[in-house]
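Note sheet for the following structure.
Just so it is clear: chains get the letters A, B, ... in the order the sequence lines come, proteins before strands, and each one is counted from 1.
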Amino acid sequence: MSQLVPLAMPPQSEAQLLAQAQQLAGLTLGELATRAGLPTPRDLKRDKGWIGVLLERWLGASAGSKPEQDFAALGVELKTIPVDSRGRPLETTFVCVAPLTGNSGVSWETSHVRHKLNRVLWVPVEGEREIPLAERRVGAPLLWSPSEEEEQQLRMDWEELMDLIVLGQVERITARHGEVLQLRPKAANSKALTEAIGAHGELIFTLPRGFYLKKNFTAALLARHFLLG
DNA sequence: TTTTGATCATAT
DNA sequence: ATATGATCAAAA
């Protein structure tokens with residue numbers, strides 16, 4: 001009999017990671033926070049990453065803001081995803097910041113997007129704002145890697161977006177570009193600027209951007225899990 | 001109601 | 001400023 005406690009060390013195998021995640025399914029965020037010794041905020045307005053941090057603790061992720069996969073030894077990334085009562089995503093999923101300079105010769109194969117998404121533990125969490133944060137339940141986890149079709153979709157969008165960035169068109173990119181992967185601001189606020197390439201090859205300053213998975217993509221991946229799994 | 005653009009907290 | 005964790009909220 002193993003008791004329900006946060007993993008004190010990183011899991012040693014995918015099986016151990018998945019088993020721990022499965023133990024959490026059905027429990028509320030309030031229970032998990034209490035048992036992890038964390039206070040539960042009234043809402044997420046000023047604690048947007050709180051659920052992710054809470055689940056990192058429970059699953060023994062190498063804590064904090066290291067530029068690594070959450071489970072470096074396993075090559076696995078953790079993503080919590082807010083879902084509605086039917087299991088459909090309520091938000092897009094941030095993947096990583098987009099490199100706006102130094103992109104000569106970059107390829108999909110060596111991209112940060114592909115690396116981050118190579119292996120992901122998805123943990124759905126009830127996300128409707130009508131449900132008090134402490135009462136929201138954790139769902140069944142899904143250990144996922146992109147199918148050939150999914151990788152192809154991601155690669156097409158990534159290449160389109162990166163082409164525009166390299167050609168100095170970053171400021172013409174909107175969230176409407178891309179079928180499954182989009183580029184949107186990822187910054188503290190609209191005054192934070194970073195270097196990029198301008199339309200005439202010059203250095204410009206623009207908002208930092210991030211790659212996000214659109215809801216159609218994550219919805220399909222979760223649906224496949226719930227229908228087949 | 002849904003999506004796009006903006007934003008919040010923390011550590012380094 | 002960048003990287004971690006994302007959700008908020010104005011606009012369409």
Side-chain angles (χ1 to χ4, degrees), chain A residues 6 10 21 29 32-33 36 38-72 76-86 88-103 111-113 115-117 120-134 136 138-139 157 161 164 170-196 203-219:
Chain A
L29 297 179
L32 292 177
L38 286 183
T40 304
R42 83 179 309 115
D43 59 48
L44 296 176
K45 287 182 183 178
R46 294 187 177 273
D47 295 271
K48 294 181 180 179
W50 183 77
I51 298 177
V53 171
L54 176 63
L55 271 292
E56 280 183 347
R57 283 226 190 176
W58 274 93
L59 298 175
S62 16
S65 49
K66 300 192 190 75
E68 273 186 328
Q69 285 159 316
D70 295 296
F71 306 99
V76 174
E77 178 74 14
L78 173 66
K79 287 292 180 195
T80 59
I81 182 167
V83 296
D84 66 17
S85 58
R86 296 164 25 193
R88 303 199 90 248
L90 289 167
E91 289 289 347
T92 56
T93 301
F94 173 71
V95 180
C96 60
V97 170
L100 302 183
T101 59
N103 284 311
S111 69
H112 287 186
V113 171
H115 185 248
K116 282 261 184 183
L117 298 181
V120 179
L121 181 69
W122 295 97
V123 181
V125 177
E126 288 182 327
E128 286 163 329
R129 296 186 204 179
E130 296 71 42
I131 309 175
L133 185 56
R136 296 183 195 173
V138 174
D157 286 349
L161 293 166
L164 289 168
V170 63
E171 295 190 310
R172 294 180 58 172
I173 300 174
T174 75
R176 276 140 276 195
H177 286 82
E179 299 292 324
V180 300
L181 189 71
Q182 64 184 176
L183 198 74
R184 307 216 309 275
K186 166 61 174 173
N189 55 59
S190 59
K191 291 156 199 152
L193 299 177
T194 192
E195 292 182 351
L203 197 62
I204 64 170
F205 283 87
T206 191
L207 276 175
R209 313 300 165 93
F211 288 110
Y212 294 80
L213 296 176
K214 297 179 70 172
K215 290 197 286 184
N216 59 345
F217 185 84
T218 49

Without decimals, in angstroms, what is the distance between [X] [atom1] and [N] [atom2]?
X: Arg209(A); N: dT2(C); atom1: CZ; atom2: C1'; result: 16 Å
X: Leu29(A); N: dA6(C); atom1: CG; atom2: P; result: 12 Å
X: Ile81(A); N: dG5(C); atom1: CD1; atom2: P; result: 14 Å
X: Arg129(A); N: dT1(B); atom1: CZ; atom2: C1'; result: 13 Å
X: Leu133(A); N: dA9(B); atom1: CG; atom2: C1'; result: 15 Å
X: Phe94(A); N: dT7(B); atom1: CZ; atom2: P; result: 17 Å
X: Leu161(A); N: dT4(B); atom1: CG; atom2: P; result: 13 Å
X: Asp84(A); N: dT7(C); atom1: CG; atom2: P; result: 13 Å

Side-chain touch [X]/[Y], heavy atoms, less than 4.5 angstrom:
X: Ile204(A); Y: Glu171(A); value: yes
X: Phe217(A); Y: Thr92(A); value: no
X: Leu117(A); Y: Glu77(A); value: no
X: Thr40(A); Y: Leu29(A); value: no
X: Tyr212(A); Y: Lys186(A); value: yes

Exercise for review: With Lys79(A) as reference, evaluate Thr93(A), Leu213(A), Val95(A) under the side chain to side chain contact (heavy atoms under 4.5 Å, CB included) test and give the passing residue.
Suggested key: Thr93(A)
Would you give the length of the straight line joining atom [atom1] of [X] to atom [atom2] of [Y], rounded to the nearest 0.5 angstrom?
X: Lys214(A); Y: Asp157(A); atom1: NZ; atom2: CG; answer: 8.0 Å
X: Gln182(A); Y: Phe211(A); atom1: CD; atom2: CZ; answer: 11.5 Å
X: Phe71(A); Y: Leu121(A); atom1: CZ; atom2: CG; answer: 6.5 Å

What's [X] touching, base or sugar-phosphate or nothing? Going by heavy atoms closer than 4.0 Å.
X: Thr92(A); value: base
X: Ile51(A); value: nothing
X: Leu90(A); value: nothing
X: Glu77(A); value: sugar-phosphate
X: Gly52(A); value: sugar-phosphate
X: Phe205(A); value: nothing

Practice item. Would you work out how much the helix from dT1(B)-dA12(C) to dT12(B)-dA1(C) bends between its ends, with each end axis defined by five base pairs, to 10 degrees? Key: 30°
Review point. If you count the non-hydrogen atoms of other residues, nucleotides and ligands that lie under 6.0 Å from NE2 in His115(A), is the total more than 12?
Key: no
Checking [X] side chain against [Y] main chain: does a donor-acceptor pair fall under 3.5 Å?
X: Asp70(A); Y: Leu78(A); value: yes
X: Arg136(A); Y: Val125(A); value: no
X: Lys215(A); Y: Arg88(A); value: no

Check your understanding: So which nucleotide from dA1(C), dG5(C), dC8(C) ends up closest to the side chain of Thr194(A)?
Key -> dA1(C)
Review point. In residues 176-190 of chain A, which ones come under 4.0 Å of DNA chain B, going by heavy atoms?
Key: Arg176(A), Gln182(A), Arg184(A), Pro185(A), Lys186(A), Ala187(A), Ala188(A), Asn189(A), Ser190(A)
Study note, to complete from the structure: Within residues 39-47 of chain A, those residues having any heavy atom closer than 4.0 Å to DNA chain C are Leu44(A), Lys45(A)
[N] OP1/OP2 closer than 4.0 Å to side-chain N/O of [X]:
X: Lys116(A); N: dG5(C); result: yes
X: Lys191(A); N: dA1(C); result: no
X: Lys215(A); N: dT3(B); result: yes

**Study point:** Upstream residue (5' side of DNA chain C) when Val53(A) and Glu91(A) are each assigned their closest nucleotide
**Key:** Val53(A)
